[in-house]
Amino acid sequence: MLLISPQIAKVPAIIVFGDSSVDSGNNNFISTIAKSNFAPYGRDFPGGSATGRFCNGRLPPDFLSQAFGLKPAIPAYLDPMYNILDLATGVCFASAGSGYDNATADVLGVIPLWQELENYKDYQRRMKAYLGAKKAKEIITEALYIMSLGTNDFLENYYTIPGRRSQFTIQQYQDFLIGLAEDFVKKLYALGARKLSLTGLSPMGCLPLERATNFMHPNSCVKEYNDLALEFNGKLNQLVAKLNDELPGMKVLFANPYDLLLQLITAPSQYGFENAEVGCCGSGTFEMGIICNRDHPLTCTDADKYVFWDAFHLTDRTNQIISAYLFKDLKSKFL
């Protein structure tokens with residue numbers, strides 16, 4: 001079931017930066033525990049293979065790529081299986097566990113955002129060498145760039161490790177992250193990017209892991225984290241307006257999954273889901289990555305009935321619904 005009918009490709013490529021919400025397997029090729037290249041991850045992916053996506057199937061950029069008339073799955077840049085021709089119509093630089101803040105990537109030893117950008121520069125060099133400067137420039141300029149990150153900066157870093165908390169109030173930390181996001185987009189712009197979708201935060205207080213550890217109000221969403229996500233999204237939205245104003249020829253869209261995802265979580269049956277409180281994998285309350293493995297006897301049989309795949313990540317079906325919702329705005333902005 002594809003919720004979006006594919007368009008004729010007017011976007012020649014989709015280029016992705018971010019964290020596990022969009023990482024299609026880069027972490028398989030680095031030394032970190034933040035991996036998911038084993039069953040039951042990927043069991044509903046075409047061919048049933050665990051690609052390193054933190055999902056039972058595909059991620060939003062995969063669905064968006066197909067909707068734009070491109071390939072149905074975006075390969076990871078570090079995967080040696082793909083050559084530069086494979087990557088010319090779509091490539092992912094994202095790394096699960098990363099964030100805007102370099103210190104966030106240090107928590108699990110993953111690829112920081114500055115390194116994602118260095119890998120992208122390397123990609124540009126390879127494209128020019130293979131396709132010639134003119135064709136490479138055309139793809140780089142016309143491609144749709146997707147950025148999706150930020151959750152780890154708060155949940156894995158600020159609220160978990162004392163370093164940033166001792167330096168910044170939560171308001172100051174948000175502003176620090178917004179500054180990093182602005183700097184990153186301006187660097188992308190200088191490298192030729194002209195179409196960018198900047199994804200906001202989801203209601204992160206409703207992630208199964210956060211609900212399970214909400215000792216004040218057991219199994220309820222953590223209001224403080226949801227309020228924070230809304231506040232940060234407001235600041236991201238302002239940043240998008242500023243970037244559109246300041247960067248000639250650049251089109252930036254604020255992609256906001258918050259309201260739709262909150263709806264899926266609070267009224268799952270309206271969308272055909274049966275469970276929005278826990279993930280499909282294991283007990284669904286804390287398992288993700290290496291703890292969500294094939295030996296867990298409790299993993300659900302039908303992930304399509306669940307909003308969440310593991311304690312932190314969405315199912316293929318949820319990703320598909322969110323992609324269809326975001327595609328409407330992307331289409332009107334970039335087609």
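Numbers here simply count residues along the sequence, with the first being 1.
- For the pairing with Tyr306, the side chain to side chain contact (heavy atoms under 4.5 Å, CB included) check across Pro208, Cys280, Cys281, Pro268 returns one residue only, Cys280.
- A salt bridge between Arg164 and Asp101 is present, with a side-chain N of the basic residue lying under 4.0 Å from a carboxylate O of the acidic one.
- A salt bridge is absent between Glu142 and Arg194; no separation between the charged side-chain nitrogens and carboxylate oxygens falls under 4.0 Å.
- Side-chain N or O atoms of Thr315 include one that pairs as donor or acceptor with a backbone N or O of Thr318 at under 3.5 Å.
- No hydrogens or angles considered: a donor-acceptor pair under 3.5 Å links the side chains of Asn27 and Ser95.
- Residue Cys206 holds its SG atom at 4.5 Å from CG of Asn226, rounded to the nearest 0.5 Å.
- With contacts defined as side-chain heavy-atom distances shorter than 4.5 Å, the pair Thr199/Pro257 qualifies.
- Taking the ring centroids of Tyr100 and Phe176, they lie at or beyond the 6.0 Å cut-off.
- Between Phe93 and Tyr123, the ring centre distance stays below 6.0 Å.
- Under 4.0 Å is where a charged nitrogen must lie from a carboxylate oxygen, and between Asp62 and Arg53 at least one such pair does.
- Annotation: Phe54 is in aromatic contact with Tyr41 [ring centroid separation under 6.0 Å].
- In the model, Thr285 has a side-chain atom that pairs as donor or acceptor with a side-chain atom of Ser283 under 3.5 Å.
- Residues Phe334 and Phe68 place their aromatic rings such that the two centres sit no closer than 6.0 Å.
- For the pair Tyr82 and Tyr77, the minimum side-chain heavy-atom distance is 4.5 Å or more.
- Listed for the Ser65 side chain is no donor-acceptor partner under 3.5 Å among the backbone atoms of Ala73.
- Within a 6.0 Å radius of CZ in Arg165, other residues, nucleotides and ligands contribute more than 12 heavy atoms.
- Between Asn275 and Lys305, the closest side-chain pair of non-hydrogen atoms is not below 4.5 Å.
- Between Phe184 and Phe17, the two ring planes are perpendicular [angle over 60°; tilted spans 30° to 60°].
- Annotation: Phe38, atom CZ; neighbour count of heavy atoms from other residues, nucleotides and ligands within 6.0 Å is above 12.
- Annotation: Lys235, atom NZ; neighbour count of heavy atoms from other residues, nucleotides and ligands within 6.0 Å is above 12.
- Figure legend: cation-pi geometry between Arg317 and Phe273, with NZ or CZ positioned under 6.0 Å from the six-membered ring centre and within 45° of its axis.
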Start with the C-alpha gap between Lys187 and Asp183, add the side-chain angles, then the distance that decides, and say whether salt bridge (charged side-chain N to carboxylate O under 4.0 Å, His left out) holds. CA-CA 6 Å; Lys187 284 177 175 159; Asp183 182 56; 3.1 Å; yes
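- With Gln124 contributing its side chain and Leu191 its backbone, the two residues share a donor-acceptor pair below 3.5 Å.
- Of the possible polar contacts, none joining the Asp106 side chain to the Gly109 backbone as a donor-acceptor pair under 3.5 Å is found.
- Note on ring orientation: taking the six-membered ring where Trp is involved, the planes of Tyr145 and Tyr120 are perpendicular (angle over 60°, cut-offs 30° and 60°).
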